Amino acid sequence: MLFLNNAVALAPEVGAKNAKNLNSLGIQTIEDLLYYFPFRYEDFSSQKKIIDVQPGETITVRGKVLDIKSIPLRGRKNLTEIYVQDETASIKAVWFNFAMPLRFLSKGKYVQLSGKISIYKGKETYFQHPNFELINKTLYENSEQILTSKTGSTSGLAPVYSENRNITSYFLRRVIRKTLPQVSLEEFLPNNFIQEQKLPFFSKALQNIHFPKNQTVATLAKKRFAFEKMFLIQLRALEIKKQWENNTAVKIAFDEKIIKNFVDSLPFQLTNAQKKTSWQIIQDLKKNKPMNRLLEGDVGSGKTIVAVMAILSTLNQGFQVSLLAPTEVLAIQHYSGIQELLKKYKFKIGLLTGSLSKINDKKISKTKFSEKIKTGEVDLIIGTHAIIQDKISFYNLALAIIDEQHRFGVKQRSFLQQNTLKNSTKNNKKILPHLLTMTATPIPRTLSLAIFGNLDLSIIDEYPKGKKKIITKVIPPQGRDQIYQFIQQQVAKAKQVFVICPLVEESSKISEVRSAKKEFEKLQKQVFPNFSLGLLHGKMKPKEKGIIMENFKNKKIDILISTSVVEVGIDIPNATSMLIEGAERFGLAQLHQFRGRVGRGQDQSYCFLFTSDNVANSTARLKAMEKTNDGFKIAEEDLKLRGPGQFLGTLQSGTPDIAMESLSDVKLIQSARLYAQSLLVYDPDLKNFTLLKNKSDLLSEKIHFE
Ligand code: ADP
Ligand code: MG
């Protein structure tokens, strides 16, 4: 008897050497092996007599081995050749550099061959690299009977696995086929869920995902594993959420007067979505358990104001707040913007980044700065990673905000959270700050639930009134001159322009810088010699970047050529046009993010998507950008076109494949969530579900939550 957590070396046919090769595919245990699912199946269900086979078809025949040999070819290569005969005719099969048949087959044995029929010189039909399987005489004589032999693998649908040099689908089929019946496979999902969802039980599902009789049972098996994974993810997320909420936080009372006063002083009316989300946050802050909320809103939807209301509430009660931004440019922008918004309140606001350290615009050494954080002499700390270093500890941090969360890697984010937490342990009492994370990546709600299942969600799904639609056009190479003329006119009207350089193939920072520099020189010399151009890229020193941004803001620069560093929220209302080079290289969601840099002022704004040659089908994809300005719609489109894996990119690299695939299945995510919730209500510690509890605990080692 084998168990799921046994090492894969214990599986039949797997020795130390194979085990090592399997390890390199990420297969360590028997469970990993059985969860190594095929990505497609080959249909070998149609059987024929040899005389009837036709070139081009994929079929199965059975026969007796007439001859088998290995033919050496040039360069240490070889061909394995076999002749097989049934009562009607004989046929040849060949394998190139594949000696496995020699190990299993010999003259007089019976074999089943499945695969595609090729034709040689227009007359001789033969099998090229078929699947083969040793069968016995009885099976051969009962040719009518569809094969379901114990060792068999090529009958019906044959699983095709992702292979490497040493591990073939053929090998995996044999091993999995032999392993399955020996493993103790106890169902661990609650029975009633399985029955209600009409899913196959564990052992059946494993059988059917590897060796299905038909596509229907394969699909159902797949659905079960997708549900299983999503259910476990949700269960884990809810457990983490519960643990988080077991901690204590300080209550931030809601001072209606001061907030109302602040809102009244704004030059605009809050949108309903801003009101709703800030209300949700303020309600969370009033509780003595820490908030953990994701504020999701498209670029330009006005997240900053919502955050500032939370900041103001907290500072007003005498507590510290930190605001973490992914880049220095963004940190500086938040610093000056928020300072302006809060100037009448006399708070001490500091900026701390890799190269900058100041409080209320007075420069101060970093050591002094961290002392003041410790003694509470600075109230609001805005900065980059510099504010979450080990040596920094807060006096009474009650609210930690992370902006543009998607710009931080998964690891960085968890590091960041842990540090925030560590830093806030005061007098040995574990008091956590409320945590507010903001993202401008509009992710459809259900998808957010799947990825950020442990967070509460606030979504700003509305734009400030009067926000004009950005006119977007996909421009083929021949349209370039016309657009440059248009840009001339815009700059002549004192408007400013962004030029985004394309993603460089090798995606190294250096080559990206090089291409931006080249573009800059070309535009300055050949296209816009009379205008002032600026260049911004990731290799510049923060100080240089700051100067460029400042000059752009002060309109000393007309056209800013940039690599993707400007992707995050810079606010230049006078910039009304954006040119994006090599637009087809970017995902829609990312293009949308870029586009959000314009359209921030009162004037009509434009976004031109330049494409390289020969990209007709990606042009079709880009057309979605012309149609809508709604980030959530674009996200959905992107999700549909590129699939969740591509769409999410590094957002959630830890999520297993099958769960990834299921991310487009809204119903499945919702029901997995509901089942997980209901189970935890019924049995909060999963006392009656120990197997499930183990699975969920194991999963936590593999998956990162925010
Ligand atoms: P993001 O959600 O991308 O962070 P910001 O908070 O930077 O967006 O807001 C974008 C711009 O919209 C800012 O200039 C801000 O002052 C302005 N803004 C925010 N809320 C409103 C509103 N309700 N009405 C008009 N303008 C607003
Ligand atoms: Mg922002």
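In this text, all values refer to a predicted model and were calculated from it rather than measured experimentally. Residue numbers count from 1 along this sequence. All ligand and atom numbering here is 1-based and tracks the order in the structure.
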Next on the checklist: Using a 4.0 Å cut-off to any heavy atom of Thr304, which atoms of ligand 1 qualify?
Outcome noted: 4 (O), 5 (P), 6 (O), 7 (O)

Checklist entry - With backbone taken as N, CA, C and O and side chain as the heavy atoms from C-beta onward, which portion of Met438 lies under 4.0 Å from ligand 1: side chain, backbone, both, or neither? => result neither

Next on the checklist: Whether the Ser458 and Gln280 side chains hold a donor-acceptor pair (N or O, under 3.5 Å, no angle test) is what I'd like checked.
Outcome noted: yes

Checklist entry - Which part of Leu270 is near ligand 1, with near meaning a heavy atom under 4.0 Å away: side chain, backbone, both or neither? => result backbone

Next on the checklist: Between Gln604 and Thr576, is there a side-chain donor-acceptor contact under 3.5 Å, judged purely by atom types and distance?
Outcome noted: no

Next on the checklist: Suppose I only count heavy atoms of Gln269 and a 4.0 Å limit; which atoms of ligand 1 are within that range?
Outcome noted: 22 (C), 23 (N), 24 (N)

Item to check | Salt-bridge contact Glu544-Lys541 (side-chain N to carboxylate O under 4.0 Å) | outcome: no

Next on the checklist: Listing request: all side-chain hydrogen bond (donor to acceptor under 3.5 Å, both in side chains) pairs with a residue in residues 299-321, at least two apart in sequence or in separate chains.
Outcome noted: Asp255-Asn316

Item to check | Options Lys303, Glu296, Lys275, ranked by nearest heavy atom to atom 2 (O) of ligand 1, top entry | outcome: Lys303

Item to check | Any residue meeting ring pair (Phe, Tyr, Trp, His ring centres under 6.0 Å) with Tyr606, in chain and number order, not counting sequence neighbours | outcome: Phe486

Next on the checklist: As an exercise, identify every atom of ligand 1 less than 4.0 angstrom from a heavy atom of Thr271.
Outcome noted: 23 (N)

Item to check | Per-residue contact class, Ile460 against ligand 1 - non-hydrogen pairs under 4.0 Å | outcome: neither

Item to check | 4.0 Å heavy-atom contact, Asp403 with ligand 1 | outcome: no

Item to check | Geometric N/O contact Phe268 with ligand 1, under 3.5 angstrom | outcome: no

Next on the checklist: Below 4.0 Å from ligand 1: does a non-hydrogen atom of Ser301 turn up there or not?
Outcome noted: yes

Checklist entry - Is it true that Lys241 and Asp456 make a salt bridge, defined as a side-chain N closer than 4.0 Å to a carboxylate O? => result yes

Next on the checklist: Pairs of nitrogen or oxygen atoms closer than 3.5 Å, one from Gly300 and one from ligand 1: do any exist?
Outcome noted: yes

Checklist entry - Are the charged groups of Glu581 and Arg480 less than 4.0 angstrom apart, N to O? => result yes

Item to check | Exercise: do Tyr335 and Gln339 side chains pair donor with acceptor under 3.5 Å | outcome: yes

